[in-house]
Amino acid sequence: MKFRPLHDRVLVRRVEAEEKTAGGIIIPDTAKEKPQEGEVVAVGEGTRDDDGDRIALDVKAGDRILFGKWSGTEVKVDGEDLIIMKESDILGIVG
């Protein structure tokens with residue numbers, strides 16, 4: 001991949017939503033909510049503090065994360081739909 005997020009931004013791939021409910025009802029695409037869980041694909045180098053020292057991000061590529069429903073901006077990179085968001089939009093790391 002030829003994309004590197006800048007500063008405190010993170011590139012995320014959404015985890016696919018379940019196709020059916022626990023009771024076995026198949027959910028059509030039009031009724032599915034976009035999942036709020038994803039996998040970190042790439043991270044920026046972090047921000048700088050007042051002294052110019054770099055503050056590294058808490059997440060890394062490969063981490064599984066939860067994020068807010070309206071977080072980030074959808075982008076297409078190498079033909080794949082991804083989301084770019086600030087680290088502050090991430091609610092937590094799963095697992």
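Every heavy atom of this structure was used, including side-chain atoms; hydrogens, water molecules and symmetry mates were not.
L11 has its side chain within reach of V75: a pair of non-hydrogen atoms, C-beta onward, lies under 4.5 Å apart. With a 4.5 Å cut-off on side-chain heavy atoms, E74 and D81 do not count as touching. Counting only heavy atoms from C-beta outward, the side chains of L82 and K76 never approach each other to under 4.5 Å.
Linking Ile, Leu, Val, Met, Phe, Trp and Tyr whenever their side-chain heavy atoms come within less than 4.5 Å puts V41 and F3 in one cluster. By the rule that hydrophobic residues join a cluster once side-chain heavy atoms approach within less than 4.5 Å of another member, I93 and V12 end up as members of one cluster.
Partner of S71 under the side chain to side chain contact (heavy atoms under 4.5 Å, CB included) criterion, chosen from L66, I83, D89: D89.
Here the CD1 atom belonging to I65 is positioned 11.5 Å from the CD atom belonging to Q36, to the nearest 0.5 angstrom. Rounded to the nearest 0.5 angstrom, R14 CZ and E80 CD are separated by 12.5 Å. Here the straight-line distance linking atom CD of E39 with atom CZ of R13 works out to 5.5 Å at 0.5 Å rounding. For the atom pair CG (L57) and CD (E87), the distance works out to 4.0 Å, reported to the nearest 0.5 Å.
Take R64 and apply the side chain to side chain donor-acceptor pair (under 3.5 Å) test, not counting sequence neighbours, and it matches E37. For D63, the side chain to side chain donor-acceptor pair (under 3.5 Å) partners are K60, not counting sequence neighbours.
Applying the side chain to side chain donor-acceptor pair (under 3.5 Å) test to pairs two or more places apart or on separate chains, those with a residue in residues 46-56 are E45-R54.
Scanning both residues, A61 and V43, for their nearest heavy atoms gives N-CG1, 4.4 Å.
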